[in-house]
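To keep things clear, I will list the structure first and then write my remarks on it.
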Amino acid sequence: QKSDPKWDAWLQKSQLGPYQKNENWDEVIANAKKEGEVVVYSSTGTMLKVAEDFGKFYPDIKVKAYDLGSEKTIEKVVREHQAGVYAADVVYSGGTEQMVFDLLPNHRIVNYVPSYLTDKIPAAHREPLLTHVIEAYGVFYNSETYPQPPIKTLWELTEPQWKGRFSMKSPAGSLTTLMMLASIVEHSDEMQKAYEQHYGKKLELSSGVENAGYEFLHRLIGNDIVISDNSSKIATAVGLRGQAKPPMAFSVIHYLTKNQSDNYANAVPYDLTPSALFSYPTYVAVAGQAPHSNAAKLFVAFLMGSKDLNGSSELKAPFRSGKSLELLQGMAAFYQVGTFSPRTDVPPPPYSEMWPKARKLTASPEFVRDNIAKISDFWMAETSR
Amino acid sequence: MSEITLRNITKSYGSHLALPSLDLDIPKGSFVTLLGPSGCGKTTTLRVIAGLEQATTGEVVLGGKTVYSSGTGVFVPPERRGLGFIFQSYALWPNMKVDRNITLALSEAKQPKQVIEDRLTEALAKVQLTGLADRYPSELSGGQQQRVAVARLIAARNSILLMDEPLSNLDAKLRTEMRTELKRMHRELQATTVYVTHDQVEALTMSDIVVVMKDGVIQQQGSPYEIYHNPANLFVAEFIGDPRINLFEGILSMNGSDRILRFEDSTIPVPARLQCGDGPVTFAIRPENITIVERQGPFSLPAEVDIVQPTGSQTIISLSVKGQRVTVLIPRFETSLSRKNIWIEFPADQLTFFDKAGNRVPLQQPVLGASHAA
Amino acid sequence: MSEITLRNITKSYGSHLALPSLDLDIPKGSFVTLLGPSGCGKTTTLRVIAGLEQATTGEVVLGGKTVYSSGTGVFVPPERRGLGFIFQSYALWPNMKVDRNITLALSEAKQPKQVIEDRLTEALAKVQLTGLADRYPSELSGGQQQRVAVARLIAARNSILLMDEPLSNLDAKLRTEMRTELKRMHRELQATTVYVTHDQVEALTMSDIVVVMKDGVIQQQGSPYEIYHNPANLFVAEFIGDPRINLFEGILSMNGSDRILRFEDSTIPVPARLQCGDGPVTFAIRPENITIVERQGPFSLPAEVDIVQPTGSQTIISLSVKGQRVTVLIPRFETSLSRKNIWIEFPADQLTFFDKAGNRVPLQQPVLGASHAA
Amino acid sequence: MTSSAAPVQTPSRVPSVRAVVGHLWHSFTQPERLLGILLAIVLAGLVLVPLFELIRETLTVQPYDRAYLPKAQPGEFTWFHYERVFAGRLSWAIFYKPFFNSLITAFTATIICLAFGAGFAWLIVRTNIPFRNFLHTLVMIPYMLPSWVMALAWITFFKNDRIGGASGAFAYFFGVQPPDWIAYGPIPIIICLSLHYYVYAYLSVSSSITSVDSQLEEAGAMAGLSRLKQFLWITAPLLLPAIGSAVVMTFIRVVGSFGTPAVLGMPVRYYVLPTQIYAAMGTRNAGDGFLLALVLVVLACLFIFINQRLIGVRKSFVTLSGKGFRSKEIDLGAWRWPLFILIMLLMTAAVAFPLVLLVLQSLIKTAGNYSLGNLTLHYWIGGGGEGVDQLQAALVDNGNIIDATWNSLKLAFLTAMTTGIFGFLIGYVVVRTRGSLTSRTLEMVAFLPYIFPALAFGAIYIGMFARPFGPIPALYGTFALLVLICSVKTLPFTSRTGIAALLQIDKSLEEAARVQGIGWFRRMIRIIVPIAAGGLLSGMLLSFISIMRELSLIILLVTPSTNVLAGVIYNYQNQDMPQLVGVATVLLVAIVIAVNLVVRAVSTKTRVGAV
Ligand SMILES: Nc1ncnc2c1ncn2[C@@H]1O[C@H](COP(=O)(O)OP(=O)(O)OP(=O)(O)O)[C@@H](O)[C@H]1O
Ligand SMILES: Nc1ncnc2c1ncn2[C@@H]1O[C@H](COP(=O)(O)OP(=O)(O)OP(=O)(O)O)[C@@H](O)[C@H]1O
Ligand SMILES: [Mg+2]
Ligand SMILES: [Mg+2]
């Protein structure tokens, strides 16, 4: 990247990037109050709740949180910057390919990790960009109809008995779903191993198919996959009680919470080979040339949870109040199964005992960068056949 | 046999009673003209016959078939009455060219192509619009548009024709020609025709029967001669004839064995057969029947010339006779009458008398055309 | 001083040349009537004067001010020309009641309320629509609608009035009254008026100047008397006069010192002052100038009665004279002419002659009205 | 000036110069010309700039393209997207197949829409069908419901076990699973779209039909045409501008609609162009997305072009001359009640069913359980109770919904006004300069925003209005910009209905005012606008309704304090709170119906339009 004096000046002034020092939080808070507001572009509506919580701690700082969805968050930042408008302070979104390989190098955002968190977050989750939460897609089945997981390996989903009985959200238009596919493809050797282990024979690739990951997608689609536009409906379709032949699905695992709220019977077959979980990060960053950089830092820190939070903190539902809120801060609104903090010192939320132990597949940023377009094309070509 | 019968038709628009009660019998093949002042209900009558308007009450019989009856609820829609209609406002279809406007009904009736073409050519020729078949109505002048409306009727050849002021926007020459054309069509098709016009010449020259209406009520119904010479009442007398008939107030009295009419200071002899008692009376004389003389006679009245209006073959002269306005029509083109000393005379046999109610006073034995021989 | 001047105006609609080249001068305060067959460009001329249509080329001067010139590109839009206009199609605003239709321009010009009300009442009274102010145009009869258009003009009181067949849908009586009304308005406002009509009576009685057009070209321009008695050419002669003038082909020759006109087998004496050589000639005589006689005279022609059409004060008689159709107008109401043995005579001083090009052959000293004295 | 200073020896040149100046001046003094120029400039800025931006992006390397074009720098010129979409290995999947699917659904739906819309319009405006006023409001409600509601209702009713979950009502009642082709794919898509979008045809035709002189139909009756033929041969051709507009609007909207095909098509992988556009934009593959959108733009231009051809230049559609206008009610006779019942049945399917579903959704504690005990009014009036989400404020004290409603109302109202004025002006210029190049281009350009991908449109406006531009201050972040973009986007509604309405008004009506010295502005206010009001109002109503529901267009431009109702619904949907989605949607529908009723009451009172 060419050096850009204006950018550099801003970084220096805001003490970000190479100029980041060990923050003096009193100073940051005082400056943030002077700035008076913080503008957050976010891909999730939960941010509105965080904004509310933030207000309880810092009533002098007004939070303007936009819930835009991931592609609009990115679009808005890019367009504003192209037009020379610097309105955003914090950018919150998934989408590795865009966040890491477009916004970051183009100075639309800058990575900011509060200094006190550096050693509490694994490097993969703070470089090149700070992960706020890790979310995951999981395979869902109906535990009422099937007391035991009906399948042992992902490959069974390509068998005739699941024909027309497996659904997932369309990856077209959903960056996170695409990330899940990317993790399957990236770990194709594990996919292959799982196949050979289960069937005891060598996997034969169809013509024109590159590897076991793609082969799996190819067969899955060929098995009359049901594509839906809405994750919540998928969770309902699988988990509703009283079904004779419920389908299975890929679903965002935070819909497991519906088991409590709506009395569904969703379950994840954690022992599935190669894995039943596909995790992906959601990033938070300070926007390039943010007008309220101190407030932005404060907000990012708030999002990540307080300093005092640790593995033995006692947290009680509802988390967005009292002591729990004081500890969790910005994490409180996210604190439920399916959204996990990358901090090693945050206790897992309720009903997620299995999470730390379970096998998870994740796509690496570099792989995503180089392959995501290809995967998307592959999907499109296969589903339109 | 009567082809069109209206029985006790009434029609109201909201609170406005356009036709209070109308009875009309139109014999098959006849040419009937509706005459009357603007707004008297002529168009409404035509529309009721055509079925475009449903009468409020009454019955309409066309060719022996009841097509509307408020009593039994029968209503035959206009498209199945098989009539020809020329609208006062033309009602040309703006989106169709002239040819299509004329032939639509024919092609709807699945006439062979050749017939349609022939009729189009013929109709266009008759209304002298040959060559304009390819224009849209909006590209025509007012009179041309009206002629398209006429051509539409000509091409369709229905057996009952209703025409609402079909020639109002045409010049005299064309109008005379079209009149002849319509009359010929009437004869050829033996079509029963109801014709609305405000042009008396048209009414008097074309019609078998003239119906004079006022405020939706028929005032008189008869041949042109009857209407013109024996108007049933003051309204008809005043309405028919252009320039208007002259009306005077006089007093009938006996002068020895002769009856006389006193008018201002003069006396005028009157026919003895007049069936009416002495006393005040309204009498009328048509402008063409007043004679202008240059010498005072026994029954002449002194007059002063006011305005002289030549209309071509005739000249309308407005005179002032003892303060009263009198119109005289002379059969010459005249731009001025220079002489001051003129007198007028009322030929006694040209006078028509009306009683107080405005109805004509009949003569004992009606005099027929005899006095009009040249 | 001329109030309206059209110089070398041409107007084409696409490829159709509606006005090939028009020059017209209208003196201030005069009443000019445009006459001509349907489609000859009367409406177009009015629209060019009003500025509703832009002439293709030429110049329009109103009251000394150039309002349009194709040369300099001057164009004063119609709303700033201050004219009154009655449209052939009325152009009533369907969304407004009658009163609003009449007073809109006044209230837009911020006239005081009282003035507006007075003018409305007056205008309605003049067109005899008092009481209908509260109707929508769609609730009026055709004639009533037309009268609203007239009332709109009356209420506005402009100094230049353009009227396009304003009375075409009115009956004779009303029309006569309205004619008087318009004429009075013309006098009171000293308004320069251009009037389009197809009614010759209207044209001849109301106008100071009559302009006869054909295919967009002015054929003759003159007083009603001139137009009627000295038509410039065959077209004007035929167009003016109802029923139509009679035309015959004859041969002029000398009979000793007298000039005679040979027509069929007969000879007719002609005025000696005729400025035209011997040979074939077209001559014309108006129907009212033909005399019907019951005895054969020296210059009479035997005739046969074809059709008798009484028009009220007159009767149109179609005769056949040696195979030729002749129309005669007699000043009486006549339903039939029973006698067979009749003859007609052409008074020599009533003949008009036309040369081969159709232009009138003048007399050496024009005869002025003298012979028309009663 | 030159004339006085001009030397005598060049008389031939002087007039020619003056003539040129004069002609120029003259064309400026003609209101329609002047307006035409002004509008052209404004629209060029507001519409063509975004269009060029779209085209430019399809021709340059986008960040996403790095995977395919590793060596290229973003921003470089490339034909890559064109090859990929139209000729590449994937072109069948990306473009051709969805495109044909789109064409099939759109054509069929348009035809059905037209039949319904025009038929209803004729019945309700012209005949004596019972309860006309009521029907008039009723038949517009399907459009007031968000389009996904209809699709949702369909799924709820005809769902089979393919997508699992609770069984559909059909399966529940009849015990058989409906086949896939009834539950998903083109047929339900076509039906749902038709039931939603016939309103365009209805509004457009019904306002035009009022100004068709009954005498023209009567003349048809005299020519022996049956009622149906009168309609087909006379009325319908006279309505051609209105029908043409309806077809263009309906087709383009249907071909570009995303929600319904997404819900009903995806389970059987029936893709259409908009789902592809959405997919491309969602993966930030802007090049492909915009290119596909451009296909729609071209399609729209084609349609308008055909439409202009059909309407022609010479043909006249003037039905409101200044003479003898009559409007007569047609007696349906014995058909009165059967037709009424037919409409009511259709409306029950299209209105009552989805509406009941929505209301139910707002009342139910946990999804899928329709027992009485599971109903609550909590989400409307508060009060809590067992099993409800106490953290979600009820409507009455939900500042979120109430503020957003107010914002939406304000935005929709201002937009309807602005777009109404501009649509009228465009209609006026287009009609008065008919046949000229100005007219044709203006008509086309005014329609383009209709098919721009809403999100991209908003994004491009950020760039255009972030900084002051000439006399215009920086509008980004202001409410004015929202109004502006919404107005531009809905301009097609009013300009199309405006054109159709103005084509029916005879020029002489304006001329009559003109010769009386009434200036241009007053003429418009007093005569043209009132007569054209029916058409204009229906266009404005369409704008109003669609802006009440609009989100993607403005989402990039709104500030949190100007959240709109659709945004709230979107948030609740994201957060999976179906009750509040139901509450907000029912509120939206109620408002739109109320506004519609008010507009209708006011317009009949002031006797807008011809009759
Ligand atoms: N818009 C137009 N396009 C093409 N031709 C036209 C148009 N308007 C008028 N014309 C033609 O121009 C000629 C003159 O028309 P204009 O309306 O002036 O006639 P007019 O003298 O008023 O006739 P009328 O007495 O029938 O009203 C006619 O032949 C007509 O067909
Ligand atoms: N739709 C309507 N609503 C109310 N009144 C009407 C309607 N149509 C006609 N009228 C009234 O009914 C009366 C008769 O109208 P009609 O059209 O039959 O008159 P007309 O004799 O044809 O007159 P004209 O010679 O002026 O055309 C008129 O007074 C008219 O105002
Ligand atoms: Mg009438
Ligand atoms: Mg004309």
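All chains are named by letter (A, B, ...) in the order of the sequence lines, taking the proteins before the strands, and each is independently numbered beginning at 1.
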Between D:Gln516 and C:Glu108, is there a side-chain heavy-atom distance shorter than 4.5 Å?
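Not in contact.
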Do C:Pro77 and D:Arg514 have side chains that get closer than 4.5 Å, going by heavy atoms?
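Yes, close enough: below the 4.5 Å cut-off.
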Partners passing salt bridge (charged side-chain N to carboxylate O under 4.0 Å, His left out) against D:Glu218 (at least two apart in sequence or in another chain):
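Once residues adjacent in sequence are excluded, the partners of D:Glu218 under the salt bridge (charged side-chain N to carboxylate O under 4.0 Å, His left out) criterion are B:Arg47, D:Lys328.
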For the [atom1] atom of [X] and the [atom2] atom of [Y], what is their distance to the nearest 0.5 Å?
| X | Y | atom1 | atom2 | answer |
| --- | --- | --- | --- | --- |
| D:Ile505 | C:Trp93 | CD1 | CH2 | 13.5 Å |
| C:Asn95 | D:Ser211 | CG | OG | 11.5 Å |
| D:Ile531 | C:Met96 | CD1 | CE | 7.0 Å |
| C:Leu52 | D:Glu510 | CG | CD | 10.0 Å |

Could you tell me which residues satisfy side-chain contact (heavy atoms from CB on, under 4.5 Å) with C:Ala55, sequence neighbours excluded, listed by chain and number?
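Applying side-chain contact (heavy atoms from CB on, under 4.5 Å) to C:Ala55 gives C:Ile9, C:Val48, C:Tyr68.
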List the atom of [X], the atom of [Y], and the distance in Å for their closest heavy-atom pair.
| X | Y | answer |
| --- | --- | --- |
| C:Ser89 | D:Asp506 | OG-OD2, 4.5 Å |
| D:Ala512 | C:Phe87 | CA-CE1, 3.4 Å |
| D:Leu509 | C:Pro94 | CD1-CD, 3.8 Å |

Test side chain to side chain contact (heavy atoms under 4.5 Å, CB included) on C:Asn158 and D:Val515; report intermediate values, then the result.
CA-CA 10 Å; C:Asn158 299 91; D:Val515 289; over 6 Å; no
Show your reasoning for whether side chain to side chain contact (heavy atoms under 4.5 Å, CB included) applies to D:Arg522 and C:Leu104.
CA-CA 10 Å; D:Arg522 308 298 298 173; C:Leu104 183 69; over 6 Å; no
At a 4.5 Å cut-off on heavy atoms, which part of C:Gln88 comes close to chain D: side chain, backbone, both, or neither?
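The answer is the backbone of C:Gln88.
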